[in-house]
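Structure first, then comments.
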There are 2 protein chains.
Amino acid sequence: MLRITKMTDYAVLILANLALHDKKFLTAKEIASETHISLPTSQKILKKLNRNNLVISKQGASGGYALEDDTKNISVAALLKTLNGDLSITQCSSNDHQCQVEDFCNIGDAWQMINQRVQWALNDITLGDLIHPTRIEQFISTNIPVTRNH
Amino acid sequence: MLRITKMTDYAVLILANLALHDKKFLTAKEIASETHISLPTSQKILKKLNRNNLVISKQGASGGYALEDDTKNISVAALLKTLNGDLSITQCSSNDHQCQVEDFCNIGDAWQMINQRVQWALNDITLGDLIHPTRIEQFISTNIPVTRNH
DNA sequence: ATCATATCGTACTAAAATAGTACTATTTAA
DNA sequence: TTAAATAGTACTATTTTAGTACGATATGAT
Ligand code: FES
Ligand code: FES
């Protein structure tokens with residue numbers, strides 16, 4: 001499908017939300033309420049983000065989550081890789097040899113090339129770019145005119 | 001996940017195989033045998049490829065499939081779009097408004113930008129580029145599976 | 001005309017990945 | 001001590017993807 005999962009989508013949304021309240025600790029409940037993502041799902045994602053050092057957490061009363069210092073500078077490529085484990089769009093080219101026809105396949109190099117291209121495309125956009133609309137406008141205007149359907 | 005499906009993978013493999021036997025009609029059975037994809041699955045994919053005008057078909061005895069004339073010139077972007085229906089990596093930015101938090105999401109533009117970049121990366125690679133002539137020569141002359149590098 | 005062969009359409013089942021939830025334990029400030 | 005919050009984990013449900021089956025139709029050869 002060539003899709004990122006909803007979970008990753010939510011994760012970025014949450015990160016963006018945390019970035020809005022700079023440095024302040026927000027509880028999972030607050031975040032769920034602001035993003036309109038269900039509480040259990042928010043909690044699940046926040047735990048994952050924490051384990052991957054994208055957010056810092058404070059346990060106990062008046063605890064919560066806040067953005068890790070350098071999270072804003074992480075590239076989208078690295079972000080997706082962190083959240084999904086892998087950034088190769090083909091199963092064939094990932095580390096775990098799963099494709100059953102792999103031994104008879106002669107186009108593996110091609111997929112490899114495509115993976116590289118996609119990775120390049122995602123490498124020099126940071127989470128910070130995703131969050132600041134002005135920078136996004138810059139990106140869009142300097143590259144390709146974008147028509148929104150969203 | 002940011003992955004193309006196995007089916008798409010198989011499809012490209014089949015297209016590459018058809019390209020090897022230029023213009024000649026191959027039966028689904030032959031293709032299944034050569035690619036080591038199971039016959040029913042091969043048939044399923046070939047039907048889809050035919051419906052999308054990527055291969056031409058001939059029914060009846062001594063029928064089969066062959067590559068459509070201009071299929072080699074189709075871009076990978078267009079190819080994936082044809083096979084998957086859509087090339088946007090985010091559910092949020094696709095045509096069917098499915099994301100439940102869409103109305104509260106303020107990062108839609110960002111995903112749109114990323115989609116654009118990925119699309120851009122895949123736009124000027126053609127199916128023909130996927131098929132390395134040198135590797136194909138090797139494949140033909142030795143008739144031995146080419147060693148993969150992953 | 002008949003037959004063997006092959007595609008066409010569609011419907012179905014199975015497997016895997018994703019999404020979402022629940023529960024207990026631990027931490028911490030008041 | 002207590003209330004409020006995160007941490008870990010295990011579980012179920014849903015959705016998507018993969019794979020199969022079968023009757024109908026077309027076509028070339030005998
Ligand atoms: S290795 Fe899976 S199709 Fe090439
Ligand atoms: S519309 Fe789904 S997270 Fe933005």
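Throughout, a chain's letter reflects where its sequence line sits, starting with A, and its residues are numbered from 1. Keep in mind the model is a prediction, meaning the values are calculated, not measured.
Within residues 39-53 of chain A, the residues having any heavy atom under 4.0 Å from DNA chain D are, by residue number, A/K47, A/N50, A/R51.
Between the side chain of B/H21 and the backbone N or O of B/N17, at least one donor-acceptor pair lies under 3.5 Å. Not one N or O on the side chain of A/T71 forms a donor-acceptor pair closer than 3.5 Å with the backbone of A/L67. A donor-acceptor pair is defined here as one N or O able to donate and one able to accept, closer than 3.5 Å; such a pair exists between the side chain of A/E30 and the backbone of A/T27.
With values rounded to the nearest 0.5 angstrom, B/T82 atom OG1 is found 10.0 Å from B/L49 atom CG.
For A/T5, no side-chain nitrogen or oxygen approaches OP1 or OP2 of C/dA17 to under 4.0 Å. Close to C/dT18, at under 4.0 Å from its OP1 or OP2, lies no side-chain N or O of A/Y10. Side-chain nitrogen and oxygen atoms of B/S38 include at least one within less than 4.0 Å of the OP1 or OP2 phosphate oxygen of D/dT20.
Following rounding to the nearest Å, B/D9 (CG) and D/dA18 (C1') show an atom-to-atom distance of 13 Å. Atom NZ in A/K6 sits roughly 13 Å away from atom C1' in D/dA13 (whole-Å rounding). Rounding to whole angstrom units, CZ of residue B/F25 and C1' of C/dT7 are separated by 12 Å. In this structure, B/I14 places its CD1 atom 12 Å from P of C/dT7, rounding to the nearest Å. We find that CD1 of A/I31 is positioned 8 Å from P of D/dT6, with the value rounded to whole Å. Here the P atom of nucleotide C/dT28 and the OH atom of A/Y65 are 14 Å apart, to the nearest Å. Taking atom CD1 on A/I37 and atom P on C/dA19, their separation rounds to 12 Å, with Å as the unit.
Each of B/M7 and A/A28 was matched to the nucleotide of DNA chain D holding its nearest heavy atom; the match closer to the 5' end belongs to A/A28.
Not counting sequence neighbours, the partners of A/N50 by the side chain to side chain donor-acceptor pair (under 3.5 Å) test are A/S57. For A/T41, the side chain to side chain donor-acceptor pair (under 3.5 Å) test picks out A/S38, with sequence neighbours left out. A/S75 meets the side chain to side chain donor-acceptor pair (under 3.5 Å) test with no other residue; sequence neighbours excluded.
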Using a cut-off of 4.0 Å between protein heavy atoms and nucleotide atoms, how would you tag nucleotides 24-30 of chain D 5' to 3' with B, S and -? --BBS--
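Considering all non-hydrogen atoms of both residues, A/K24 and A/A66 come closest at O-CB, 3.7 Å.
Under a 4.5 Å side-chain heavy-atom criterion applied to ILVMFWY residues, the cluster that includes A/F25 comprises A/I56 as well.
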